Amino acid sequence: MQTEKEKQGDTSVEEYVALSNFSGSSSDQLCFNSGDRLLVHAKPSSEWWWAELYGVRGYVPASYLRQDAAAEEEEDNHTSLEDQWQDEEYFGSYGTLRLHLEMLSDKSRTEAYRKVIVSNSASLRSKVVMDLGCGTGIISLFCAQLAQPSEVYAVEASSMAEYTRQLVKQNGCEQVVTVLQGRAEEIELPKQVDVLVSEWMGNCLLFEFMVESVLLARDRWLKEGGVMWPSSAALTLVPCQANSYYAEKMTFWEQPYGLDFTPLQPLAQQEFFTKPKFNHVIEPDDCLTAPSDVLCLDMYTLQVKDLEEIKGQFHFCVEKPGVFHGFTSWFTVHFESLETGGATVELNTGPNSQPTHWKQTLFMLDRPVSVHAGDSISGTILLRRNPFWRRHMTITLHWSINSCKKETDNCQANHRLGQRVSPCGG
Ligand SMILES: N=C(N)NC/C=C/[C@H]1O[C@@H](n2cnc3c(N)ncnc32)[C@H](O)[C@@H]1O
């Protein structure tokens, strides 16, 4: 039987299977559905391929496709959904103390949740609370100690749950707090809840995609009119300088020990500047413009399907001359008051707030660009969830710099374009 390749008589054509639906966002992109068999004619980049479906050709995202043979292979030793969520590794990592110690040692984060409980203690009286992904149970213990809810369901999927039960007992909270071990989207709660509280935010806000579990639990267990904590979340971006990082990873090769190692600089760019730097600490002075919230999530209306692709736009006005090395991002979440008109609590992980264990995330440009006051940097950010590895995403930044140099007495805007595609995952 002739394969598609033989039929096409075109040796370079390969057949791939679509893993997920894709609705293109521009006329040169091909729309397809999960299971469609596409003919890939060219792979101009690692991100976008030129493919054909039912005789129509267009660009398709490579991460949505599996090589046909591999797809059959996968069919045979079927990759389970748990594997696509990497549950064993993920919940295994939360079964040890390392990450819980890091989160508990983060005063800014933990105090923010305590402040939410304290400032809503009166309204929490007789309420039913779900603490999703409770870890050691710190938020549930705050609720039981600092307020008088009638029930707190502390849900934890990892093996930490058995210790959390001991901590609840050790602190005399077993009358109020019930620890339930299991994935929040699978366990049964005794009743609906008035408040769903969770500390789900990952790097770049969404990495780990624990937020999906929060949304599923909201739809299943939150009473009509119930409260989500956090209530909203925003991802913030700012064009920035990163002189020390640039010096450390790039300038270094110019003259190590008096030798010229510059032929290694293209390697350094590929190895150090094509992936996000998660543990970056940006100084306020490194910001070239005012920061801007590029994505805003409303935890009451956000749907799981919205998480596949989230788009934002930005337009930054450069305030001072400097070197544009890249973009830095961080997030802020807000906790609305249980009382109408009550004070909102904010947890801001940016450079002008108390440091947190998330720090900030730096996306380096391939090469730095000098900018001047009055220039503008505008473009788009696209968070695209990986259709296969469900805790991962790719962040794509497109930008253009419009600079208006008055050197020749007239304003010639010169247009410099850029793109950074960053895989955000393990
Ligand atoms: N990354 C940040 N900020 N926090 C990570 C916080 C993760 C904690 O929540 C638990 N967890 C995560 N997802 C679920 C789920 N669907 N059901 C039950 N427990 C879950 C993990 O085992 C950690 O203990």
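As the structure lists them, so they are numbered: ligands from 1, and atoms in each ligand from 1. Just so you know, these numbers come straight off a predicted model, no measurement behind them.
Not a single donor-acceptor pair under 3.5 Å links the side chain of Y300 to the backbone N or O of V227. For S150 (side chain) and K127 (main-chain N/O), a donor-acceptor pair under 3.5 Å exists by modelled atom type.
Protein heavy atom closest to atom 2 (C) of ligand 1, with residue, atom name and distance, is M201 O, 3.2 Å. Atom 5 (C) of ligand 1 has Y94 OH, 3.4 Å as its closest protein atom, hydrogens excluded (heavy atom only). Counting only heavy atoms of the protein, atom 11 (N) of ligand 1 lies nearest to F91 CE2, 3.7 Å. Looking only at heavy atoms of the protein, atom 8 (C) of ligand 1 is closest to G133 O, 3.7 Å. Among protein heavy atoms, the minimum distance from atom 19 (N) of ligand 1 is reached at A157 N, 3.2 Å. Closest to atom 4 (N) of ligand 1, if we only count protein heavy atoms, is E199 O, 3.1 Å. With respect to atom 24 (O) of ligand 1, the closest heavy atom belonging to the protein is E156 OE1, 2.7 Å.
Assignment of E186 to the shell around ligand 1 is not supported, since no heavy atom sits closer than 4.0 Å. In this structure, M160 has no heavy atom closer than 4.0 Å to ligand 1.
R391 and E89 are not joined by a salt bridge, as no carboxylate oxygen comes within less than 4.0 angstrom of a charged side-chain nitrogen. The pair E271-K277 does not count as a salt bridge, with every side-chain nitrogen at least 4.0 angstrom from each carboxylate oxygen.
Close approach of ligand 1 to G182 is summarised as follows: ligand atoms under 4.0 Å from at least one heavy atom of the residue are 17 (N), 18 (C). Under a 4.0 Å criterion applied to the non-hydrogen atoms of W358, ligand 1 contributes the atoms 3 (N).
A distance below 6.0 Å separates the ring centres of F331 and W358. For an aromatic pair to be called close, the ring centres must be under 6.0 Å apart, and W221 with Y153 fails this.
For the residue pair E156/S158, the side-chain donor-acceptor check at 3.5 Å is satisfied. Between the side chains of D293 and T236, at least one donor N or O lies within less than 3.5 Å of an accepting N or O. For the residue pair H325/Q241, the side-chain donor-acceptor check at 3.5 Å is not satisfied.
For Y90, no nitrogen or oxygen atom sits less than 3.5 Å from a nitrogen or oxygen atom of ligand 1, counting backbone and side chain alike. Residue A184 has at least one nitrogen or oxygen atom sitting less than 3.5 Å from a nitrogen or oxygen atom of ligand 1, judged on distance alone. Not a single N or O atom of G202, backbone or side chain, sits closer than 3.5 Å to an N or O atom of ligand 1.
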